[in-house]
4 protein chains.
Amino acid sequence: MTIQGTGTARPAGRPRSEKAEKAIIEATLDLIAEGMGVSELSIEAIASRAGVGKTTIYRRWSSKEDLVVDALATLKAPLPPLAGVSVRDDLITLLDAMRAESGNRRGRCVMNIAMSEADRHPRLTERFVQRAVEPRRRALREVLERGVASGELRPDLDVTLAMAILSGTMMWQSKWGPADGLPEDLAERVVDVVLAGMAPPAG
Amino acid sequence: MTIQGTGTARPAGRPRSEKAEKAIIEATLDLIAEGMGVSELSIEAIASRAGVGKTTIYRRWSSKEDLVVDALATLKAPLPPLAGVSVRDDLITLLDAMRAESGNRRGRCVMNIAMSEADRHPRLTERFVQRAVEPRRRALREVLERGVASGELRPDLDVTLAMAILSGTMMWQSKWGPADGLPEDLAERVVDVVLAGMAPPAG
Amino acid sequence: MTIQGTGTARPAGRPRSEKAEKAIIEATLDLIAEGMGVSELSIEAIASRAGVGKTTIYRRWSSKEDLVVDALATLKAPLPPLAGVSVRDDLITLLDAMRAESGNRRGRCVMNIAMSEADRHPRLTERFVQRAVEPRRRALREVLERGVASGELRPDLDVTLAMAILSGTMMWQSKWGPADGLPEDLAERVVDVVLAGMAPPAG
Amino acid sequence: MTIQGTGTARPAGRPRSEKAEKAIIEATLDLIAEGMGVSELSIEAIASRAGVGKTTIYRRWSSKEDLVVDALATLKAPLPPLAGVSVRDDLITLLDAMRAESGNRRGRCVMNIAMSEADRHPRLTERFVQRAVEPRRRALREVLERGVASGELRPDLDVTLAMAILSGTMMWQSKWGPADGLPEDLAERVVDVVLAGMAPPAG
DNA sequence: GTGTAACCGAGACGGTACGTCCGGTCTTCCC
DNA sequence: GGGAAGACCGGACGTACCGTCTCGGTTACAC
């Protein structure tokens with residue numbers, strides 16, 4: 001017998017097509033980017049867009065939600081590189097990146113799904129938080145704590161509060177801001193306000 | 001002839017039932033509060049929940065979107081009464097009210113709809129902004145401007161920026177905050193940070 | 001006052017219009033004659049045909065069935081005059097009249113209703129039997145019994161059986177006969193068969 | 001190429017379910033047996049009773065009438081076996097079978113439909129005649145003609161007339177007879193009357 | 001090769017909702 | 001009271017689409 005002893009033996013028959021899998025995921029993300037909510041998304045539309053039979057989808061995922069979860073999971077989180085010199089600069093870099101991501105169509109739609117389906121599809125939101133929210137939150141926290149450690153920020157800084165203000169301001173404005181005439185340099189300004197408001201009181 | 005010249009004469013036939021109209025609106029809001037998005041909402045479910053024939057709905061609204069628009073429009077905006085003494089106290093009152101409103105189930109669901117359907121149903125969002133967002137925004141602006149006028153806030157305060165920070169922080173946290181362990185007195189704290197960060201530099 | 005004290009006092013208000021009542025009944029019979037079954041009959045159609053408001057019908061009959069019952073009840077049963085001489089001739093006269101009545105459109109439709117609605121609307125059928133079937137049955141029986149009494153028919157004649165054969169043959173053929181090429185003088189022939197088959201055996 | 005030239009190739013896709021087809025027909029007959037006329041029959045009720053989607057019905061029949069036609073067509077006509085010895089016995093057997101069939105609920109309702117819808121749905125009636133009426137008529141005629149050939153009946157017997165009397169008596173009584181107190185052995189009696197009335201005059 | 005199994009396409013399945021129509025009832029106006 | 005008008009609820013219509021399932025025919029690998 002020539003069955004190699006290595007781990008999982010390849011199952012008999014034609015192997016599943018990676019191409020089909022990718023096409024399905026891509027089609028799903030495309031449709032999401034076009035503003036489809038989870039319920040507007042139809043397997044039929046995905047299959048058609050991916051050039052794939054409905055069966056092929058059904059063979060891989062047992063429900064639409066599973067598919068969307070997997071699709072969102074492929075969204076990588078390329079955090080911007082931080083200079084690591086000035087805390088202020090790094091914060092601005094981070095916040096501008098966040099705004100940019102949630103500002104374009106795709107980001108906004110993914111955001112919508114993650115938020116509005118939170119009640120009905122907890123697993124979906126959970127996965128999104130884990131893949132997209134947490135990394136950014138962690139980066140933000142690290143920068144702030146670095147500032148505390150380096151003395152650039154006051155030692156008793158309420159990091160959690162600062163994070164809430166910074167991210168809240170940016171994310172909220174990416175949703176409603178455009179209509180409000182908020183300035184381009186919003187990141188810079190809010191960082192300054194927070195740093196000023198949280199700076200050591202006098203000296 | 002004795003036809004009175006007064007305005008629009010009452011049309012012939014049985015008049016439309018106000019009760020039915022209210023029941024329909026209420027049913028719609030109920031279903032929204034149960035997490036239905038606009039596309040999950042079905043006229044049939046609304047009719048059944050309201051104890052009303054489908055025709056009675058179609059007679060009044062030509063599309064589901066129109067109905068939802070009207071339903072959201074009935075959400076009144078009972079802003080909390082402001083003491084009008086201290087700007088700081090008034091801000092805290094306002095922000096806490098905002099958080100409370102978006103914290104309960106109904107508020108959260110309405111919020112979800114308004115946000116996630118923004119792209120697909122602009123009229124819906126527009127109406128929501130006009131009825132729910134604008135009044136709050138205006139109230140916030142008035143308090144801030146009063147502070148400027150009274151000298152409680154620095155004269156060159158960037159009111160728009162302050163509003164973005166205050167409302168962004170509160171609204172964003174009403175969505176993601178619960179999982180973050182943010183404190184109960186968030187409103188108080190963020191107001192203090194903003195006031196400190198925007199206070200007249202010297203005195 | 002000129003209200004006469006006689007019997008039932010006339011109720012206040014405008015008296016009901018007899019004309020409307022007749023028009024409604026007539027319209028109902030018309031529609032039935034056009035082949036409508038009880039369920040195809042609609043109050044709306046009746047009202048429209050009678051030039052009457054739906055209310056006016058609803059005020060008088062509490063259900064469609066009641067109305068149809070009353071309408072059928074107005075169908076009079078003008079039995080043909082019998083010469084009273086020969087039993088054979090009288091039977092032929094009766095049977096030919098029956099065939100004529102169930103042969104024209106109106107008679108056939110009324111028949112259809114009476115028969116097919118028997119299960120669902122027993123009161124309707126009951127009324128029909130009482131007004132239309134019974135008189136004919138009675139006439140038939142009288143002629144036969146007269147023949148027995150006069151010696152024209154054998155004394156032990158089974159009157160019930162004779163009636164079943166005579167009326168069954170005529171009525172059944174009025175339904176299915178036309179396609180069968182049955183002769184015009186069917187009545188005469190069947191009477192002869194029955195009389196022959198039931199005549200005193202030898203002398 | 002090895003594509004065989006054999007007949008009609010099986011069409012692509014999932015084949016239609018015979019089970020569904022049968023269930024639909026059965027449900028239709030059930031509802032008819034419950035006294036539904038053609039207009040009371042609703043596709044929705046049939047679908048629900050058959051445990052089938054409405055599409056599954058519409059895929060097969062384009063109209064309610066077509067469905068009913070097919071349903072009635074499935075009613076088989078199991079004529080009773082005839083001994084073939086005595087004409088009199090065979091006639092009695094046939095007539096009793098006819099009475100039994102139109103005596104039970106299902107038979108009565110089918111009869112009602114066939115008769116009362118004759119004007120509105122000629123195709124329906126036509127099919128019913130062809131499937132149910134004709135075979136019986138043929139059997140009756142054959143027995144009678146056998147009697148003529150064998151000398152058991154007079155050679156100049158009017159077969160058509162005899163058929164009209166025999167079937168008319170039986171069918172009519174199956175409708176109105178129960179209330180008339182007609183005897184159990186009606187078949188026997190009417191056969192005797194007809195044979196007597198049509199027997200060769202002298203011998 | 002041959003076999004196995006996944007592939008694709010097509011189409012029927014049960015189900016839900018659609019928007020329309022119409023029927024019987026109810027309510028109001030005007031004569 | 002009577003007519004007209006029209007809203008009311010309910011039920012069925014025929015259609016569309018969805019997710020599922022079931023086929024036939026094809027393709028890619030491992031033996």
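Lettering follows sequence order; numbering is per chain, from 1.
Along DNA chain E, the nucleotide nearest to T56(D) and the one nearest to T55(C) differ in position, and the one closer to the 5' end is contacted by T56(D). Residue-to-nucleotide proximity on DNA chain F shows that, of V52(B) and S62(D), the 5′-proximal contact is made by V52(B).
With hydrogens and angles ignored, the 3.5 Å screen pairs a side-chain donor or acceptor of T125(A) with a backbone N or O of A114(A). At distances below 3.5 Å, not a single donor-acceptor pair connects side-chain atoms of R127(B) with backbone N or O atoms of A73(B). The closest donor-acceptor contact from the side chain of K64(B) to the backbone of V38(B) lies under 3.5 Å. With hydrogens and angles disregarded, a donor-acceptor distance shorter than 3.5 Å links the side chain of T28(A) to the backbone of I24(A). Side chain of S48(D) to backbone of E44(D): no donor-acceptor contact under 3.5 angstrom is found.
To the nearest 0.5 Å, atoms CD (E34(D)) and CG (L29(D)) are separated by 11.5 Å.
Between Y58(A) and the phosphate of dT20(F), there is no side-chain N or O to OP1/OP2 separation shorter than 4.0 Å.
Inter-residue side-chain proximity for D30(C) and R49(C) is flagged as met; some heavy-atom pair is nearer than 4.5 Å.
Distance from the side chain of R59(A) is smallest for dA6(E) among the nucleotides dG19(F), dT22(F), dA6(E). Residue A12(D) places its side chain closer to dA10(E) than to any other of dA5(F), dG3(F), dA10(E). Looking at the side chain of R14(A), the nearest of the listed nucleotides dG2(F), dA4(F), dA6(E) is dA6(E).
Spacing between atom CD1 of I46(A) and atom P of dC18(F) amounts to 11 Å, rounded to whole angstrom units. L67(B) has its CG atom 12 Å from the P atom of dG19(E), to the nearest Å. Taking atom CH2 of W61(C) as the reference point, atom P of dT25(E) lies 14 Å away to the nearest angstrom. Between K64(B) atom NZ and dA17(E) atom C1' there is a gap of 9 Å when expressed in whole angstrom units. I57(B) places its CD1 atom 14 Å from the C1' atom of dT20(E), with the value rounded to the nearest Å.
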Assess whether side-chain hydrogen bond (donor to acceptor under 3.5 Å, both in side chains) is satisfied between D66(B) and S62(B), documenting all intermediate values. CA-CA 7 Å; D66(B) 284 352; S62(B) 56; 3.2 Å; yes
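Residue side chain K54(B) reaches the base of dG19(E) through a donor-acceptor N/O pair under 3.5 Å, judged by distance alone.
Across all strands shown, S63(A) has no heavy atoms under 4.0 Å from either base or sugar-phosphate atoms.
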Dump the pairs, protein N or O against N or O of nucleotides 1-3 of chain E, anything under 3.5 Å, distances to one decimal.
none

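For DNA chain E, the residues of residues 15-45 of chain B within the heavy-atom distance limit of 4.0 Å (strictly under) are P15(B), S42(B), I43(B), E44(B), sorted by number.
We find that R60(D) and E21(D) are joined by a salt bridge, their nearest charged nitrogen and carboxylate oxygen being less than 4.0 Å apart.
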